[in-house]
> 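Below is the structure I would like to discuss, written out as structure tokens.
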Amino acid sequence: MSSPAPKAWSQRFESALHPTIAVFNASIGFDIALIEHDLSGSEAHAKMLAKTGIISDDEAAQLAAGLAQIRQEYQQGQFIPTIDDEDIHFAVEHRLVEIVGAVGKKLHTARSRNDQVGTDIRLYLREQIDVIRQQLRSFQQALLNQADRHLETVIPGYTHLQRAQPLSLAHHLLAYVEMAQRDWERLGEIRQRVNVSPLGCGALAGTPFPIDRAYTAELLGFDEIYRNSLDGVSDRDFAIEFTAAASLIGVHLSRLSEEIILWASSEFSFVKLTDSCSTGSSIMPQKKNPDVPELVRGKTGRVFGHLQSLLVMMKGLPMAYNKDLQEDKEPLFDTVQTVQGCLSAMTILLQEGLEFQTEQLAMAVTTDFSNATDVADYLAARGVPFREAYNLVGQVVRQCLAANKLLKDLTLAEWQQLHPAFEADIYEAIAPHQVVAARNSFGGTGFDQVRQALSAARQRLATD
Ligand code: ARG
């Protein structure tokens with residue numbers, strides 16, 4: 001900037017801000033991220049001022065040219081505001097006056113930084129939500145690609161982190177596709193509430209000028225306008241909703257991360273991490289660490305923290321704008337950056353960072369008792385009341401454990417001794433592949449169900 005920033009506020013002030021307070025007060029260090037949106041908002045506002053006759057067409061054209069130049073300067077790295085500019089709104093106005101002269105001082109007619117900053121954040125968040133929804137789609141696609149490969153791979157399923165019933169690995173992965181689907185839909189709903197224009201609400205009470213709020217809203221692609229000026233300048237619900245939705249994305253990514261971390265341990269050995277997505281230890285040469293899922297799990301906590309910050313920032317605010325609201329930006333920006341980073345990393349991890357160890361998985365499901373429910377189901381299907389069958393199988397499992405045997409090791413005579421309803425087909429019924437195939441209820445892990453779920457998911461991705 002050539003000239004120093006003029007004193008930002010009116011002549012009411014006799015002396016300058018204490019330099020430490022100036023730094024404390026300034027938001028330019030971070031709200032520079034809003035510059036492109038601030039310029040778009042100002043362009044729309046200037047057009048509206050001309051359309052309504054508040055300024056002349058010629059003045060509007062000069063403002064537009066000045067704003068375009070600032071955009072170019074910024075893109076070329078030549079727009080470098082200082083602390084004296086205080087925030088992005090003053091920084092742009094200051095530079096505009098330098099470029100176009102006195103007419104630049106007309107831009108702020110019928111506007112306040114309060115409706116201006118609200119407009120900027122909404123434009124910013126709308127854009128970022130679109131990016132995140134796209135990333136969720138790629139994440140789902142990566143899960144689907146793995147699921148395609150592993151429809152018939154059988155993996156132990158757990159409850160309480162105890163072996164429960166075997167699953168199609170695709171079914172397991174599709175659970176995360178569903179979570180991401182809700183995330184995608186939720187962000188779509190939140191986007192509607194982000195996409196409301198506060199421009200024209202003024203400082204808090206509207207403006208005496210004959211502005212056209214519908215026109216600026218239309219120029220900026222907003223679907224609606226705030227109906228109440230006080231609400232318009234002080235509402236940050238949309239930021240909280242977004243951070244809550246981002247927290248849920250974090251929860252989902254973190255759960256998947258935790259599973260991958262467990263699966264990559266030598267105790268599980270269900271996946272091997274490839275070199276492109278894992279790191280080594282500085283001292284233990286044998287180590288290959290799952291840093292990506294660990295970081296995702298760790299960063300999720302940060303996002304929860306931002307949600308808490310925003311909620312607490314809002315809860316005690318009287319109407320309307322309060323400077324506390326300046327504190328909305330860093331949590332919001334960091335949430336966006338963190339979630340975007342986590343989604344990219346997890347997508348790459350799914351695409352090229354994991355190799356499922358199919359032999360280990362096959363071994364795991366043939367050496368446990370996760371087919372015990374199926375023995376009870378076998379009897380129940382042959383008329384034995386389920387609870388009775390359940391108790392019987394409990395006994396067999398206990399006997400097998402004592403004899404260091406598995407269910408499949410029992411002879412037909414042993415089965416029949418237990419209950420006469422057992423026949424030779426019991427062996428087929430308790431084989432892991434059949435155990436999975438049998439759960440063909442809607443939404444279950446049966447291969448036919450999973451095949452249908454896979455194609456339904458793929459279709460959903462293709463159509464919206
Ligand atoms: N930098 C301020 C913010 O981020 C802009 C709005 C300032 N408004 C005011 N009345 N001081 O919230």
Side-chain angles (χ1 to χ4, degrees), residues 1 5-13 16-18 20-42 44-45 70 74 79-96 105 107-128 194 196-207 216 220 226 229-240 242-243 306 309-336:
M1 297 240 146
K7 196 142 57 89
W9 325 287
S10 71
Q11 299 303 317
R12 181 187 196 282
F13 292 85
L17 261 183
H18 186 288
T20 303
I21 299 299
V23 172
F24 185 69
N25 188 47
S27 54
I28 188 65
F30 47 88
D31 65 16
I32 183 79
L34 296 173
I35 183 166
E36 302 252 8
H37 305 295
D38 196 72
L39 291 166
S40 303
S42 288
H45 182 68
I70 296 174
Y74 172 71
F79 181 77
I80 303 161
T82 68
I83 281 291
D84 292 337
D85 286 306
E86 187 177 326
D87 62 21
I88 187 58
H89 323 295
F90 276 143
V92 167
E93 191 176 329
H94 169 208
R95 181 68 189 132
L96 185 66
K105 296 181 180 171
L107 176 66
H108 211 53
T109 316
R111 187 177 71 170
S112 151
R113 277 187 300 159
N114 299 349
D115 55 346
Q116 187 180 359
V117 70
T119 304
D120 293 4
I121 320 169
R122 284 167 181 82
L123 291 174
Y124 161 82
L125 198 53
R126 184 179 75 186
E127 187 176 274
Q128 300 304 328
V194 170
V196 180
S197 175
L199 195 55
C201 288
L204 75 165
T207 166
T216 45
L220 293 168
Y226 273 87
S229 60
L230 292 168
D231 184 40
V233 292
S234 63
D235 172 31
R236 294 294 182 272
D237 291 359
F238 65 95
I240 293 174
F242 167 75
T243 313
H306 295 323
S309 301
L310 291 175
L311 285 167
V312 176
M313 178 194 78
M314 285 306 292
K315 76 181 259 297
L317 294 189
M319 284 289 170
Y321 178 87
N322 298 270
K323 192 67 175 244
D324 312 45
L325 291 175
Q326 182 164 287
E327 289 292 304
D328 63 355
K329 287 168 205 61
E330 287 162 293
L332 206 54
F333 295 165
D334 190 65
T335 298
V336 164

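First listed ligand is number 1; within each ligand, the first listed atom is number 1.
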> My understanding is that only one of Lys323, Arg122, Arg236 makes a salt bridge (Lys or Arg N to Asp or Glu O under 4.0 Å) with Asp328; could you say which?
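Looking at Lys323, Arg122, Arg236, the match for Asp328 under the salt bridge (Lys or Arg N to Asp or Glu O under 4.0 Å) is Arg236.
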> What's the spacing between Leu332 CG and Ile240 CD1 if we round to 0.5 Å?
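If we round to the nearest 0.5 Å, Leu332:CG and Ile240:CD1 are 10.5 Å apart.
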> Side chains of Ser42 and His89: closer than 4.5 Å at any heavy-atom pair?
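Of all side-chain heavy-atom pairs linking His89 with Ser42, none is under 4.5 Å.
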> Tell me the contacting part of Lys329 for ligand 1: side chain, backbone, both, or neither, using a 4.0 Å heavy-atom threshold, strictly below.
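For Lys329, only side-chain atoms sit under 4.0 Å from ligand 1.
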> Give the numbers and elements of all ligand 1 atoms closer than 4.0 Å to a heavy atom of His89.
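Listed by number with element: 5 (C).
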> Before you tell me yes or no, could you show the steps for Phe90 and Arg113 under side chain to side chain contact (heavy atoms under 4.5 Å, CB included), namely the whole-Å CA-CA distance, both residues' side-chain angles and the distance that decides it to 0.1 Å?
CA-CA 9 Å; Phe90 276 143; Arg113 277 187 300 159; 3.4 Å; yes
> In terms of residue, atom name and distance, what is the protein heavy atom nearest to atom 11 (N) of ligand 1?
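So the nearest neighbour among protein heavy atoms is Arg113 NH2, 3.2 Å.
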> Students should be able to answer this: which protein heavy-atom is nearest to atom 3 (C) of ligand 1, and at what distance?
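Nearest neighbour among protein heavy atoms for atom 3 (C) of ligand 1, to 0.1 Å: Tyr321 OH, 3.3 Å.
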> Flag the pair Arg111 and Glu93 as a salt bridge only when some basic side-chain nitrogen lies within less than 4.0 angstrom of an acidic carboxylate oxygen.
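No, no charged N to carboxylate O under 4.0 Å.
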> Suppose I only count heavy atoms of Val117 and a 4.0 Å limit; which atoms of ligand 1 are within that range?
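Answer, ordered by atom number: 4 (O).
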> Does a sphere of radius 6.0 Å around CD in Glu327 hold more than 12 heavy atoms from other residues, nucleotides or ligands, not counting ones at 6.0 Å or beyond?
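No, not enclosed.
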> What are the atoms of ligand 1, with element, lying closer than 4.0 Å to any heavy atom of Gln326?
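Those of ligand 1 that fall under 4.0 Å from Gln326 are 1 (N), 2 (C), 3 (C), 4 (O), 12 (O).
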> Looking at Lys315, I want to see if its NZ is surrounded by more than 12 non-hydrogen atoms of other residues, nucleotides or ligands under 6.0 Å.
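Not buried by this count: 12 neighbours or fewer within 6.0 Å.
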> Is it the side chain (CB and beyond), the backbone, both or neither of Asn114 that lies under 4.0 Å from ligand 1, heavy atoms counted?
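For Asn114, the contact with ligand 1 is made by the side chain alone.
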> List ligand 1 atoms under 4.0 Å from Ser27, heavy atoms only on the residue side.
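So the answer, numbered in order with elements, is 1 (N).
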> Under 4.0 Å from a heavy atom of Asp87: give me the atoms of ligand 1 that qualify, with their elements.
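Near Asp87, the atoms of ligand 1 are 1 (N), 2 (C), 5 (C).
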